[in-house]
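Read the numbers this way: they start at 1 and go in the same order the structure lists the ligands and their atoms. This structure is a prediction, so every number in the text was calculated from the model and none was measured. One-based numbering along the sequence shown.
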Amino acid sequence: MLELDKINAGYGGAQILRDVSLSVAPGEIVCLLGRNGAGKTTTMKAIMGLVPLMSGAVRLNGADLSSLPAHKVPGHGVGYIPQGRRLFSELTVAQNLEIGLMVRKSGADVLNGVLDLFPRLRERLDQRAQTLSGGEQQMLATARALCIEPSYLLLDEPTEGLQPSMIEAIRQVIVVMRDRGVGILLVEQRIDAVLSVADRVAFIENGHNLETLDADVLRKDHSVIERHLGV
Ligand SMILES: Nc1ncnc2c1ncn2[C@@H]1O[C@H](COP(=O)(O)OP(=O)(O)OP(=O)(O)O)[C@@H](O)[C@H]1O
Ligand SMILES: [Mg+2]
């Protein structure tokens with residue numbers, strides 16, 4: 001279980017997150033939804049140790065993750081695909097993946113398994129990341145995170161700016177990872193992009209998390225979504 005227990009966090013003196021609590025179980029897809037500036041990315045950064053906690057804790061299978069330096073967190077099996085992808089743009093596809101493999105000293109078998117999910121990347125191993133299409137870059141960022149063989153995966157708006165076929169490809173990979181028992185925390189702005197695959201949906205507003213609902217409830221009653229997102 002990946003667990004956020006009443007975390008308070010922010011940047012410098014500015015507190016952004018207030019008592020945010022959230023959990024993701026193995027094999028579960030939890031969506032974090034909220035408007036621009038609500039604190040979704042900050043929540044992910046707090047999990048990854050990229051913003052300091054003022055109080056509260058992040059736990060992985062009961063162990064305190066928040067006491068670790070940020071560079072140690074992926075080694076514990078938490079993969080992070082940041083908003084905007086953050087690839088090494090001068091490096092090739094293969095070199096970007098190599099960086100992912102180094103985190104847990106994984107070998108060719110892991111790389112092969114990841115490339116099986118992304119045939120387009122296998123055809124482009126020697127291509128520089130900056131020359132990939134937007135959708136291919138998202139695939140590379142996702143593939144790199146999978147190279148650490150994560151038990152939890154955090155994806156921050158993975159479908160932003162992508163065409164429907166690419167969105168579908170990313171969604172399929174998310175479902176495959178879920179079926180393999182990976183716990184997934186997925187940030188999206190558009191509820192329709194995620195509702196079909198979500199198990200639970202957590203709403204965040206002004207750094208507070210509101211109720212977390214079973215996705216089934218939302219699929220049956222859209223008014224709840226409208227109430228929380230004002231759409
Ligand atoms: N490095 C930073 N320094 C200071 N404030 C920041 C920093 N990064 C984000 N913030 C502020 O924190 C708040 C939450 O930002 P965050 O990026 O978590 O929002 P978000 O929910 O991911 O929004 P979006 O949907 O636009 O990506 C915003 O008010 C933002 O201006
Ligand atoms: Mg964001």
- Query: Between the Mg ion (ligand 2) and T42, is there an N, O or S atom separated by less than 2.8 Å?
  - Reply: no
- Strictly under 2.8 Å, is any N, O or S atom of N36 next to the Mg ion (ligand 2)? no
[atom] [closest protein heavy-atom partner, distance rounded to 0.1 Å]:
atom                    : result
atom 11 (C) of ligand 1 : I16 CD1, 3.9 Å
atom 16 (P) of ligand 1 : T42 OG1, 3.5 Å
atom 1 (N) of ligand 1  : Y11 CD2, 3.5 Å
atom 29 (O) of ligand 1 : G37 O, 4.1 Å
atom 26 (O) of ligand 1 : N36 ND2, 2.8 Å
atom 17 (O) of ligand 1 : T41 CB, 3.5 Å

- Query: Just checking, is any N or O donor in the side chain of T92 or D126 under 3.5 Å from an acceptor N or O on the other one?
  - Reply: no
- Query: N112 and R122: side-chain donor and acceptor closer than 3.5 Å?
  - Reply: yes
- Message: Check for me, please, whether V20 and V201 land in the same ILVMFWY cluster - side-chain distances under 4.5 Å, paths through other members count.
- Response: no
- Task: Check whether I16 and L33 end up in the same hydrophobic cluster, where Ile, Leu, Val, Met, Phe, Trp and Tyr are linked by side-chain heavy atoms less than 4.5 Å apart.
- Result: no
Is the closest heavy atom of [X] to ligand 1 under 4.0 Å?
X   : result
A38 : yes
K45 : no
M44 : no
G39 : yes

- Message: If you define the side chain from C-beta out and look only at heavy atoms, does anything of D216 sit under 4.5 Å from R219?
- Response: yes
- Message: Less than 4.5 Å apart, side chain to side chain, heavy atoms only: is that true for V173 and F118?
- Response: yes
List every atom of ligand 1 that sits less than 4.0 Å from any heavy atom of [X], numbering the atoms from 1 in the order shown and giving each element.
X    : value
Q189 : 24 (P), 25 (O)
Q83  : 27 (O)
R35  : 21 (O)

- Query: Counting only non-hydrogen atoms of the protein, does one fall under 4.0 Å from atom 6 (C) of ligand 1?
  - Reply: yes
- Query: Are any non-hydrogen protein atoms located under 4.0 Å from atom 31 (O) of ligand 1?
  - Reply: no
- Query: Should E123 and R120 count as an ion pair when the cut-off is N to O under 4.0 Å?
  - Reply: no
- Task: Inspect the contact between E136 and R124 and indicate whether a charged nitrogen and a carboxylate oxygen are less than 4.0 angstrom apart.
- Result: yes
- With the Mg ion (ligand 2) at the center, what angle do OE1 from Q83 and OG1 from T41 span, rounded to 10 degrees? 80°
- Message: Name the residue from L140, L132, L121 that meets the side-chain contact (heavy atoms from CB on, under 4.5 Å) definition with Q127.
- Response: L132
- Passing candidate, side-chain contact (heavy atoms from CB on, under 4.5 Å) with M177, options T142, I29, L146: L146
- Message: Tell me whether S21 contacts the main-chain N or O of K6 through its side chain, where contact means a donor paired with an acceptor under 3.5 Å.
- Response: yes
